[in-house]
Amino acid sequence: MSPRAAAPSLSCTVGRVRLAAPVLLASGTCGYGLELAGHVDFPALGGVVLKSLTQEPRAGNPMPRVAECSQGMLNAIGLANVGVEAFCREKWPKVKALPCAVLANVAGASQAEYVAVARRLDRLDGLAGLELNVSCPNVSHGGMEFGREPRVLERLVAAVRKATKRPLWVKLTPNVADIAPLARAAEAAGADAITVINTLRGLRMDLKQQRPVLGNVTGGLSGPAIMPVALFHVYRAAGAVKIPVVGCGGIETAEDALEFILAGASAVQVGTATFRRPRAAELIAAGLRRQLQARGLRSLKPLIGAGRI
Amino acid sequence: MSPRAAAPSLSCTVGRVRLAAPVLLASGTCGYGLELAGHVDFPALGGVVLKSLTQEPRAGNPMPRVAECSQGMLNAIGLANVGVEAFCREKWPKVKALPCAVLANVAGASQAEYVAVARRLDRLDGLAGLELNVSCPNVSHGGMEFGREPRVLERLVAAVRKATKRPLWVKLTPNVADIAPLARAAEAAGADAITVINTLRGLRMDLKQQRPVLGNVTGGLSGPAIMPVALFHVYRAAGAVKIPVVGCGGIETAEDALEFILAGASAVQVGTATFRRPRAAELIAAGLRRQLQARGLRSLKPLIGAGRI
Amino acid sequence: MNCRVLRVRRAGSYARLWLEAPDIARRARPGQFVMVRPRGADAPFWRRPFSLCSADGRRSVELLIKAVGPGSRLLAASRPGDLLDVTGPLGTGFSLDVTGPVLLVGGGFGIAPLRFLAECLRRRRIPCEVFLGGRCREDLLLQSELKLAAAGVACTTEDGSFGRRGRVTLLLAERLAGSRKPARIAAAGPEAMLAVVADLAEKHGVAAEVSLETVMACGLGVCNGCVRRVNGQYQRVCADGPVFDAAAVDWSQA
Amino acid sequence: MNCRVLRVRRAGSYARLWLEAPDIARRARPGQFVMVRPRGADAPFWRRPFSLCSADGRRSVELLIKAVGPGSRLLAASRPGDLLDVTGPLGTGFSLDVTGPVLLVGGGFGIAPLRFLAECLRRRRIPCEVFLGGRCREDLLLQSELKLAAAGVACTTEDGSFGRRGRVTLLLAERLAGSRKPARIAAAGPEAMLAVVADLAEKHGVAAEVSLETVMACGLGVCNGCVRRVNGQYQRVCADGPVFDAAAVDWSQA
Ligand SMILES: Cc1cc2nc3c(=O)[nH]c(=O)nc-3n(C[C@H](O)[C@H](O)[C@H](O)COP(=O)(O)OP(=O)(O)OC[C@H]3O[C@@H](n4cnc5c(N)ncnc54)[C@H](O)[C@@H]3O)c2cc1C
Ligand SMILES: Cc1cc2nc3c(=O)[nH]c(=O)nc-3n(C[C@H](O)[C@H](O)[C@H](O)COP(=O)(O)OP(=O)(O)OC[C@H]3O[C@@H](n4cnc5c(N)ncnc54)[C@H](O)[C@@H]3O)c2cc1C
Ligand SMILES: Cc1cc2nc3c(=O)[nH]c(=O)nc-3n(C[C@H](O)[C@H](O)[C@H](O)COP(=O)(O)O)c2cc1C
Ligand SMILES: Cc1cc2nc3c(=O)[nH]c(=O)nc-3n(C[C@H](O)[C@H](O)[C@H](O)COP(=O)(O)O)c2cc1C
Ligand code: FES
Ligand code: FES
């Protein structure tokens with residue numbers, strides 16, 4: 001019934017990053033990519049965002065680090081990572097061979113740390129871009145997260161922007177009264193795209209132990225439970241900026257992804273869904289292709305933000 | 001095996017309201033209470049919080065007003081209600097006969113409206129208390145919700161406090177960067193208890209219509225999906241104030257309720273669960289009684305906040 | 001309430017379920033519905049509304065379920081012995097205080113409440129005629145039951161596979177154009193069909209009642225989520241309806 | 001991957017499931033596990049880890065599942081023909097490069113990976129002795145299979161309903177106190193048992209490998225949620241284990 005158009009293409013450029021499909025694996029849910037070899041068909045994806053890197057290696061938080069919830073989970077991993085130097089030397093030679101776009105994710109406790117990590121990553125050959133995780137507590141600013149104050153965020157992004165010419169995505173936190181000023185701050189400071197959202201703060205109690213389940217007490221909520229909240233923030237952020245929005249939060253199916261696209265996302269990231277179904281992201285890409293076919297569209301472009309009123 | 005203590009009692013006084021059990025039906029999910037006759041065993045509950053009342057009758061938002069989500073739902077009812085005067089004259093004579101504590105919930109677009117509604121309700125014989133819904137856009141403050149700015153909130157609560165001597169609960173919104181200053185503002189202004197939390201902002205897209213599902217575009221997310229977020233805010237708020245915290249958000253079972261109690265809640269409200277299982281709240285009360293029995297406790301008191309570290 | 005599935009009969013994408021529900025069976029009136037969920041099913045999140053298709057007054061009620069999505073599919077796949085979580089009877093019913101002949105106009109699973117209505121009318125010796133429409137033969141259900149209860153049953157299918165080809169409102173229009181004026185019309189089915197019924201009823205000056213459908217979060221009248229403009233006001237389909245006077249309904253959103 | 005359930009055998013709260021999984025069957029080594037979820041089940045949210053209890057090298061693998069909570073109950077209730085979503089084989093396995101006799105110490109469902117290990121050792125003609133403990137007789141599973149593969153099977157139950165009364169580590173202590181020193185110990189079971197095994201192994205200077213358990217969100221090594229202190233560092237139980245050198249594990253949290 002649908003018009004038989006030329007085979008639709010999912011390839012696109014988002015925030016200056018070329019992607020074979022607008023579907024990426026989200027930071028912290030795909031390790032350094034390598035762990036998923038054999039479980040994931042990388043060329044079917046747009047790309048992967050590696051787990052957050054800090055200047056020094058970090059052991060991470062005490063156990064338990066994860067808690068199961070209704071259609072979601074809490075995590076308080078504590079940015080466990082090998083440190084940017086070890087990553088660049090030991091991991092990158094293998095990671096760079098992944099047959100899809102690879103973005104590194106940058107975290108830090110101070111602006112100087114973000115800049116140092118970004119500068120080191122800037123030297124990596126083949127890195128598709130950087131994503132800033134601004135949900136870390138800002139030690140030189142009283143522990144308040146970088147991503148909560150537009151001025152603090154703008155300064156941070158501007159500083160990192162100076163340290164690298166690579167595509168720079170800024171990943172925003174939903175734990176704010178309004179995401180719009182933060183989206184605008186990232187844009188004003190030169191971000192190429194914003195990723196919306198990181199996890200929601202949450203907590204579970206262990207009834208037997210009579211204490212919080214997580215060793216870290218609180219953690220970040222992800223999974224389908226947060227999807228309507230993520231869609232809200234995408235809708236709002238996409239209305240506030242001109243740079244592309246990368247939607248993230250609870251996406252499990254192509255239909256979920258399409259909701260984000262209609263709300264204004266140019267691409268999506270898939271996080272927790274990979275745990276439940278390692279091939280979730282590539283199935284989403286395949287499903288988006290079918291959706292285009294069914295609608296007689298040759299690219300996703302006409303659908304981006306098409307649901308906004 | 002458990003010590004055979006005297007039969008445990010669930011009766012308690014929370015924020016100056018006497019409750020037969022620390023379980024109430026949440027505002028907006030039990031109508032004026034009367035609708036649930038035959039579906040709910042009121043004496044088995046602590047009480048009901050009636051749907052938000054405003055000064056004038058309100059028709060509410062355009063359709064659709066609700067959207068189904070993973071383990072949750074969005075609503076954008078738009079504070080549809082008969083208006084405080086019609087409520088007092090026509091509904092109250094019947095509502096007051098409900099065999100459990102009845103709290104009225106107050107909403108408004110201006111401080112003057114809140115005060116006027118509270119003053120009218122203050123005259124009702126038998127009303128157990130008032131709960132302020134501060135998630136309404138403050139028209140005289142640029143549309144920003146009353147519940148987002150500690151100073152605005154403190155002024156509002158203080159003004160209502162002057163208008164009524166009845167027990168006054170303030171229901172906080174989770175859509176803030178930090179709930180603690182708002183909890184403290186409510187306490188400082190004389191609130192007897194705080195209810196934590198109202199719904200999270202969310203949105204769903206209708207793929208067929210290519211527009212937001214809700215007529216109002218955005219809505220509030222409730223149900224099990226938000227429980228870890230609600231627990232986080234309860235944990236944080238309970239650490240910030242001395243007045244009791246009434247936990248709310250996604251509670252479906254006695255075990256869920258117990259998590260809130262361990263996190264610091266003195267009582268809980270049950271909202272969306274009533275839609276899925278009309279007797280949910282009374283089953284929760286019964287389950288709590290069994291939990292006390294199993295632990296050989298005579299009241300919930302030793303468990304309130306027992307999971308905090 | 002937990003209700004046991006007593007019997008299941010499937011036909012295409014439809015299933016007839018008999019549930020053990022004495023309390024509902026005793027109180028049920030035609031046009032009322034129940035909210036249902038398979039026990040222990042976590043998804044879909046809400047229960048689903050289904051009209052009572054018959055009630056024996058003592059022990060059991062019958063539902064007619066068309067599998068259109070996850071919730072109805074799960075329910076249509078129920079097996080005898082399964083437990084369903086059921087609340088009801090809910091909502092208002094069709095008027096029974098009528099004398100002359102009543103025309104029952106049903107589309108698809110809309111026939112469910114009308115079958116119950118037809119049986120109640122027969123018990124009161126009030127004659128009725130049934131007009132039944134569907135996309136194809138598969139959609140025309142309960143014909144033998146209807147024939148026993150009604151003075152006549154006329155059918156249409158859009159593909160012409162059974163009865164007249166076309167929409168069921170075609171038959172209604174012809175019937176209303178005839179000489180014997182009915183006392184009332186009762187209709188249930190797709191929104192577009194109901195709007196045409198309302199229109200025809202008004203033209204011919206016949207009172208009509210329609211059973212509306214909306215998405216329902218609670219079904220209990222407490223959430224205010226299922227409203228529809230009726231008489232210029234938002235009314236709750238679950239508690240103020242689902243049966244409304246066709247002339248009072250705002251059909252502009254249809 | 002979708003795997004069909006070929007056969008189910010239930011005993012008390014345990015179920016043995018044979019799954020059609022040629023790819024896993026070919027690659028599996030004892031000590032490895034799979035992540036499993038019933039197809040279409042929305043809850044529990046995560047998949048659940050289960051050790052491979054045997055693999056025929058060509059077509060099928062076997063799981064031994066104890067129903068302890070919602071996930072394991074759902075899986076234990078599987079019926080032949082059901083589809084399960086299965087990923088594996090995952091994790092490291094027990095060492096097979098060993099000569100002398102290996103002592104296998106299992107508690108409860110910990111016997112699952114040890115049974116697979118016993119069969120692999122037999123194929124390599126490496127002798128092994130099995131020590132099996134449980135709370136009661138019901139917990140002592142796979143005895144006939146173990147007897148075929150091992151030089152001996154000795155049992156304990158805490159209630160004395162079968163074998164020696166007491167803990168299985170009692171038997172291990174006696175065996176280690178004897179003269180024939182084993183080449184290695186392999187253990188799987190409750191954390192408290194593993195800690196005692198590690199202690200005994202160290203005292204007697206015998207190398208020991210243990211299979212650890214934690215809650216697992218991904219099972220793939222990507223979330224870093226399942227860590228345990230090993231050699232003073234956080235290691236992922238799912239990817240760096242679940243089999244670790246007992247002497248390297250920090251038992252202080254046990
Ligand atoms: C008062 C009332 C009585 C009903 N009686 C019957 C009955 O006797 N037999 C029967 O088979 N069905 C009946 N329905 C409809 C039935 O409730 C829906 O088909 C069912 O809720 C769909 O749920 P689902 O999960 O299967 O599909 P969903 O995924 O919820 O929906 C599938 C598709 O159907 C549409 N849809 C869902 N609910 C409705 C609705 N209420 N009205 C119109 N479109 C809808 C959706 O938009 C979607 O396109 C009744 C509805 C109401 C309100
Ligand atoms: C590598 C590995 C291999 C395993 N192999 C087997 C096996 O072969 N057969 C088998 O029956 N089980 C095995 N398990 C344990 C099995 O995964 C859990 O019993 C299951 O996940 C429980 O899920 P549930 O939903 O039934 O219960 P839940 O509700 O998740 O848990 C029920 C109770 O068990 C506890 N629990 C849950 N998971 C674990 C765990 N991993 N370790 C210790 N306690 C836990 C919980 O704290 C709770 O008290 C293995 C676990 C791991 C990590
Ligand atoms: C276990 C886990 C670890 C995560 N680690 C990081 C991280 O290191 N950096 C980051 O920016 N986001 C991290 N996230 C957040 C995800 O990238 C994603 O934003 C979030 O989980 C919401 O998407 P989802 O619901 O699809 O998982 C992590 C999420 C999970 C579940
Ligand atoms: C349909 C609906 C209507 C609501 N209306 C109100 C309201 O009028 N006033 C109010 O303070 N809260 C209202 N709420 C919020 C609930 O009282 C409760 O805070 C929220 O739903 C979270 O709890 P739950 O997950 O148990 O539902 C409403 C919630 C729902 C689902
Ligand atoms: S469905 Fe809730 S009021 Fe009608
Ligand atoms: S379970 Fe995710 S890394 Fe082990």
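Proteins get letters first, then strands, A, B, ... in listed order; numbering begins at 1 in each. Every value quoted in this text rests on a predicted model; they were computed, and no experiment measured them.
- Taking the six-membered ring for Trp and thresholds of 30 and 60 degrees, Tyr114(A) and Phe146(A) have ring planes more than 60 degrees apart, a perpendicular arrangement.
- Glu131(A) and Ser27(A) share no donor-acceptor pair across their side chains, judged by distance under 3.5 Å alone.
- A donor-acceptor contact closer than 3.5 angstrom is absent between the side chains of Ser54(D) and Glu119(D).
- When each of Leu34(A), Asn61(A), Thr272(A) is scored by its heavy-atom pairs under 4.5 Å with chain D, the top score falls to Asn61(A).
- Just one residue in the list Val34(D), Ile24(D), Val36(D), Leu220(D) forms a side chain to side chain contact (heavy atoms under 4.5 Å, CB included) with Thr87(D), and that residue is Leu220(D).
- Of the residues considered (Thr29(A), Ile77(A), Asn75(A)), Ile77(A) shows the highest number of contacts with chain D, using heavy-atom pairs under 4.5 Å.
- Using a cutoff of 4.0 Å between basic side-chain nitrogens and carboxylate oxygens, Lys66(D) and Asp139(D) are scored as salt-bridged.
- Contacts of Pro64(A) with chain D are absent, with no heavy-atom separation under 4.5 Å from either backbone or side chain.
- The part of Ala67(A) that comes within reach of chain D is its backbone (N, CA, C, O), which places non-hydrogen atoms under 4.5 angstrom from that chain.
- Taking a cutoff of 4.0 Å between a charged side-chain nitrogen and a carboxylate oxygen, Glu191(D) and Arg228(D) qualify as a salt bridge.
- With chain D as the partner, the residue from Glu68(A), Arg65(A), Glu35(A) showing the most heavy-atom pairs under 4.5 Å is Glu68(A).
- Using a 4.5 Å cut-off between heavy atoms, Ala239(D) makes no contact with chain A at all.
- Of the two parts of Asp85(D), only the side chain, counted from C-beta on, holds a non-hydrogen atom closer than 4.5 Å to a non-hydrogen atom of chain A.
- When each of Arg48(D), Met216(D), Gln233(D) is scored by its heavy-atom pairs under 4.5 Å with chain A, the top score falls to Arg48(D).
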